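Source: prediction; values computed, not measured. These numbers come from the heavy atoms of this one structure, side chains and all, not from hydrogens, waters or symmetry mates. Quick note on labels: first sequence line is chain A, next is B, and so on, each numbered from 1.
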Protein chains: 2
Amino acid sequence: MARIARGPLDTILGLRLRRANGAVQRHFGEHFADLGLTQKQVSVLWLTGDHPGLAQTDLAAALDMDRATTMALVHALEKRGLMTRAPALSDRRKIAFSLTSQGSILLDKAKAAVDEHEDWLKRRFDAAELATLEELLARIYR
Amino acid sequence: MARIARGPLDTILGLRLRRANGAVQRHFGEHFADLGLTQKQVSVLWLTGDHPGLAQTDLAAALDMDRATTMALVHALEKRGLMTRAPALSDRRKIAFSLTSQGSILLDKAKAAVDEHEDWLKRRFDAAELATLEELLARIYR
DNA sequence: TATTGTTATACTCTATAACTATA
DNA sequence: TATAGTTATAGAGTATAACAATA
């Protein structure tokens, strides 16, 4: 049996989404192996760089994550010296995160790598198609 | 800080893809909790039902999985009595998989649940938008 | 030599539950 | 009561490496 015709399975949108996402994650992983960062980690660093002082809940909400999932992510980044924590002034339950200088430097490198990765992904589409795809995808999670 | 503006992060197509996929997986999980099947497991049962006698390599290729990943999936389904194995006649390295009657029954139920799940997902789009989205996604993994 | 199945192993992501401190 | 952070734990998905049997 040389190749399986997927047939009806191809009509499953959820599966197409999963396969497309998988392909992108794999490429991301290869592209970022030297930086030692996952997609989620880059997202956390990026958000923290843009919004110094944010709390874990903010990260969780912005990235559709559970609190516990966020903890594990942030903890790993702190351990590597990329993020630091400080007590939040407004609300003592919260913790204000910011990037270390090391984190800032790595984020800059990561942003450049993200650009290349996104070019690889987006070169499949022209401007109109890209805008359409972005809008259609947003309808799913928004 | 009430809500974080994602800003530039929203321009990352890979992240939109991940969030959309995550939202769909979460809904799938809730919807299929009573059947005790994951999306991947349903895909394996579905393919095996459509192509009895297929080998692990066929499943791996059809679903973009590693051989080892496929093993774990198939093994769990065999353990639950949903799939069985037989030696492949053409090539003694291969194993021919097929569904048990129990697997067939569960697959039928799963297909009905998939229909409902897909309706939930697809009601966001009209026919033209759906066709466009499917085609654009296929460009990523194809 | 290459492919198929197998096992061991490990890492990421995700989520639930229960706890503490604060609001 | 509700929220924020924390910890422990578990399951799903993914992948690499190494091995045996077969092609």
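- An OP1 or OP2 oxygen of C:dT6 is reached within less than 4.0 angstrom by a side-chain nitrogen or oxygen of B:R85.
- Residue B:T57 has a polar side-chain atom (N or O) positioned under 4.0 Å from OP1 or OP2 of C:dG5.
- In this structure, the nucleotide among C:dA2, C:dA23, C:dT6 sitting nearest to the side chain of A:R93 is C:dA23.
- B:L13 approaches A:E118 most closely through the heavy-atom pair N-OE1, 2.9 Å.
- Within 6.0 Å of the NE2 atom in B:H75, the count of heavy atoms belonging to other residues, nucleotides or ligands does not exceed 12.
- Applying the 6.0 Å contact sphere to NZ of B:K111 captures more than 12 heavy atoms from other residues, nucleotides or ligands.
- Straight-line distance from the CD1 atom of A:I95 to the P atom of D:dT3: 18 Å, rounded to whole Å.
- Across the protein-nucleic acid pair, A:R92 atom CZ and C:dA21 atom C1' stand 9 Å apart, rounded to whole Å.
- Note: CG (A:L54) to C1' (D:dG5) measures 15 Å, nearest angstrom.
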*Mark up nucleotides 8-16 of chain D, 5' to 3', with B wherever a protein heavy atom is under 4.0 angstrom from a base atom, S wherever such an atom reaches only the sugar-phosphate, and - elsewhere.*
B---SSBBB
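- What you find for A:F28 and A:V42 is that their closest heavy atoms are CZ-CG2, 4.0 Å.
- One can place CG of B:D91 at 8 Å from P of C:dT4, the figure rounded to the nearest angstrom.
- Residue A:L37 contributes atom CG, which lies 16 Å from atom C1' of C:dC13 at whole-angstrom precision.
- Nucleotide C:dT14 holds its P atom 11 Å from the CZ atom of B:R19, rounded to whole Å.
- Exactly one residue among A:H27, A:E30, A:Q39 makes a side chain to side chain donor-acceptor pair (under 3.5 Å) with A:H117. That residue is A:H27.
- Distance B:K79 NZ to C:dT7 P: 12 Å, rounded to the nearest Å.
- By the 4.0 Å N-to-carboxylate-O rule, A:R139 lies close enough to B:E129 to be salt-bridged with it.
- Nearest approach of A:R16 to A:D10, heavy atoms of both residues: NE-O, 2.9 Å.
- Distance CG (A:N21) to C1' (C:dT14): 14 Å, rounded to an integer number of Å.
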